[in-house]
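For reference, the structure is listed below as structure tokens.
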There are 2 protein chains.
Amino acid sequence: MGLRERKKHRTRTALIDAAVDLFLAQGYEATTVDRIAAEVDVSTRTFFRYFASKEEAALSLLADQHEVFIAELAARPADEPPFTALTEAMRAVLGILRGLEPAEATRFLRLQELIQATPALLAGQLRLMMDNERQMVAEVSRRMGAGPDDLRAQFVVSLFASMGIVCYGGCQDPRLIVQRFEDLLDLAAASLRPGWDRLEPAATGTPETAAATVPRPSPAT
Amino acid sequence: MGLRERKKHRTRTALIDAAVDLFLAQGYEATTVDRIAAEVDVSTRTFFRYFASKEEAALSLLADQHEVFIAELAARPADEPPFTALTEAMRAVLGILRGLEPAEATRFLRLQELIQATPALLAGQLRLMMDNERQMVAEVSRRMGAGPDDLRAQFVVSLFASMGIVCYGGCQDPRLIVQRFEDLLDLAAASLRPGWDRLEPAATGTPETAAATVPRPSPAT
DNA sequence: TTGTCATCTGTCATCGACTGACATAAATTA
DNA sequence: TAATTTATGTCAGTCGATGACAGATGACAA
């Protein structure tokens with residue numbers, strides 16, 4: 001790797017570090033891009049050559065995590081049921097979080113709190129998750145041997161993703177995220193039929209299964 | 001209602017109309033607030049007295065719909081299972097959409113497309129949905145006779161909400177939203193155990209139900 | 001009707017996020 | 001070292017958003 005690239009990588013890392021530190025210290029809105037750039041001793045214009053927006057810098061750590069997740073998912077054995085693969089990929093990511101140095105882990109969790117508490121960042125995080133979901137759907141579809149936008153795949157993924165959101169969202173104490181995730185898995189296991197994530201397309205709408213809980217239309221208002 | 005309030009309401013409506021029309025005609029980013037305000041013949045400053053941001057104006061129709069949804073949900077019979085209540089409330093909202101004049105319905109659906117295609121608006125919509133979910137969780141918790149942040153309630157709601165996102169998100173032809181929703185319901189009915197949304201807290205983690213699909217930990221990486 | 005009061009609105013000044021254009025400096029390659 | 005590519009800084013400018021002040025307008029009581 002040439003000097004040029006190394007330098008760029010260093011600048012980028014320094015910008016993210018400075019940004020996160022400042023955000024944690026004085027809040028996201030209260031921190032100007034000028035201030036971040038000054039901290040790293042580059043011009044404001046340069047900041048925007050590295051990040052499309054202030055938000056992108058704030059969420060880049062999260063974006064990295066998402067990439068790791070996608071990689072872990074792709075690495076799961078092909079014969080694993082989709083939901084299991086998603087779950088194990090998530091456990092792997094959480095495991096990495098555990099393996100971090102305490103200081104760094106704390107910083108990451110504090111950043112999570114800040115995101116939850118900052119509307120603009122929360123919105124950005126949700127959009128990021130949605131982008132991620134698209135990739136998950138692609139992978140799950142592939143595993144199911146279905147077309148790229150299979151509804152069953154979207155169902156599995158969005159069910160899983162919503163668990164993730166509940167996990168991160170309502171947590172007062174970030175150290176409980178892992179516990180909460182496992183609780184939600186138990187809940188899912190108790191709620192879902194065995195093999196639900198391997199349904200044949202034909203199974204959809206079968207009389208004996210459908211309408212078990214949800215009665216049909218009732219010609220609404 | 002006094003003249004003052006009527007006038008305010010008229011201005012607000014005019015601003016939303018002008019904003020939506022311009023957004024649809026030339027795109028969200030390409031439309032300045034100045035332009036919207038000029039269209040309604042008020043100052044830019046006044047625009048920001050009605051809406052906290054350009055985004056808020058763009059999403060206000062959606063926000064209204066969410067309010068309707070919450071109201072419909074609250075109006076469902078108390079003995080209805082939570083997921084059924086959510087489903088019927090959704091059907092009611094979709095029914096209202098159907099009852100609209102064709103021109104207005106088209107406009108609304110085109111707005112949906114625009115939101116999906118505009119990152120900033122998509123992010124805003126997702127945040128809006130999350131706010132809404134909080135209210136749904138509160139209502140579902142109440143129905144379950146549980147505490148305000150019950151995990152089961154969050155699970156039910158987020159499962160339902162993720163269906164809504166899939167519904168609106170991946171739709172090429174917006175007129176298929178209703179069909180898609182019903183398909184997803186079938187899928188849910190086929191995937192979930194009867195009575196899953198009425199689980200007793202104690203049921204969580206019961207050996208016979210848990211671990212049916214998802215094997216336990218496997219001490220991850 | 002009139003005068004007082006609360007409220008709405010426009011104008012102005014300002015900040016901060018973000019972008020295009022151009023010049024300069026640094027790294028890469030020949 | 002010379003030539004080329006690429007990253008950075010400077011500058012000017014747009015647009016979203018906010019505070020402050022002053023003038024206009026509807027609400028209400030005497």
Side-chain angles (χ1 to χ4, degrees), chain A residues 1-20 22-23 25-60 114-115 118-125 127-128, chain B residues 1-16 18-20 22-23 25-60 63 114-115 118-125 127-128:
Chain A
M1 196 197 295
L3 169 58
R4 202 163 227 159
E5 283 208 59
R6 255 180 297 142
K7 225 172 178 177
K8 260 172 61 177
H9 185 268
R10 236 186 308 142
T11 307
R12 185 184 156 83
T13 305
L15 281 172
I16 294 173
D17 278 348
V20 170
L22 286 168
F23 292 158
Q26 24 169 158
Y28 175 73
E29 314 283 4
T31 305
T32 68
V33 174
D34 281 354
R35 182 79 178 72
I36 301 170
E39 197 76 14
V40 184
D41 215 62
V42 297
S43 73
T44 306
R45 193 67 181 85
T46 294
F47 176 94
F48 284 110
R49 289 206 177 90
Y50 282 88
F51 306 100
S53 63
K54 190 167 99 168
E55 184 189 295
E56 189 179 303
L59 297 177
S60 75
L114 180 69
I115 292 170
T118 309
L121 291 182
L122 182 54
Q125 188 197 24
R127 186 170 45 75
L128 212 59
Chain B
M1 199 196 295
L3 169 57
R4 200 163 226 159
E5 284 208 58
R6 257 180 296 142
K7 222 170 179 178
K8 260 171 60 177
H9 186 266
R10 237 186 307 142
T11 306
R12 185 185 157 83
T13 304
L15 281 172
I16 294 174
V20 170
L22 286 168
F23 292 158
Q26 23 167 171
Y28 175 74
E29 314 283 3
T31 305
T32 67
V33 173
D34 281 354
R35 181 81 180 72
I36 301 170
E39 198 76 13
V40 184
D41 215 62
V42 297
S43 73
T44 306
R45 193 65 182 86
T46 294
F47 176 94
F48 285 109
R49 289 207 177 90
Y50 281 87
F51 306 100
S53 63
K54 191 167 99 167
E55 184 189 297
E56 188 178 306
L59 298 176
S60 76
L114 181 69
I115 292 170
T118 309
L121 291 182
L122 181 55
Q125 187 197 26
R127 187 170 44 75
L128 211 58

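Chain letters run A, B, ... following the sequence lines, proteins first, then strands; residues in each count from 1.
- Whole-Å rounding puts the B:R35 CZ to D:dA17 C1' distance at 20 Å.
- One can place CZ of A:R49 at 11 Å from C1' of C:dC22, the figure rounded to the nearest angstrom.
- Taking atom CZ of A:R6 as the reference point, atom P of D:dA7 lies 15 Å away to the nearest angstrom.
- With hydrogens and angles disregarded, a donor-acceptor distance shorter than 3.5 Å links the side chain of B:Y28 to the backbone of B:E55.
- Side-chain N/O atoms of A:T46 include one lying less than 4.0 angstrom from OP1 or OP2 on D:dG9.
- OP1 or OP2 of D:dT8 has at least one side-chain nitrogen or oxygen of A:Y50 nearer than 4.0 Å.
- In this structure, B:K8 reaches the C:dC8 phosphate: one of its side-chain N or O atoms is under 4.0 Å from OP1 or OP2.
- Using a 4.0 Å heavy-atom criterion, one finds that B:T44 contacts no nucleic acid atom at all.
- Distances shown here put every side-chain N or O of B:K7 at or beyond 4.0 Å from the OP1 or OP2 atom of C:dC8.
- One can place CZ of B:R45 at 14 Å from P of D:dG16, the figure rounded to the nearest angstrom.
- Here C:dA21 presents its C1' atom at 17 Å from CZ of A:F48, a figure rounded to the nearest Å.
- A straight line from CD of A:E56 to P of C:dT19 spans 10 Å, rounded to a whole angstrom.
- We find that CZ of B:F47 is positioned 18 Å from C1' of C:dT11, with the value rounded to whole Å.
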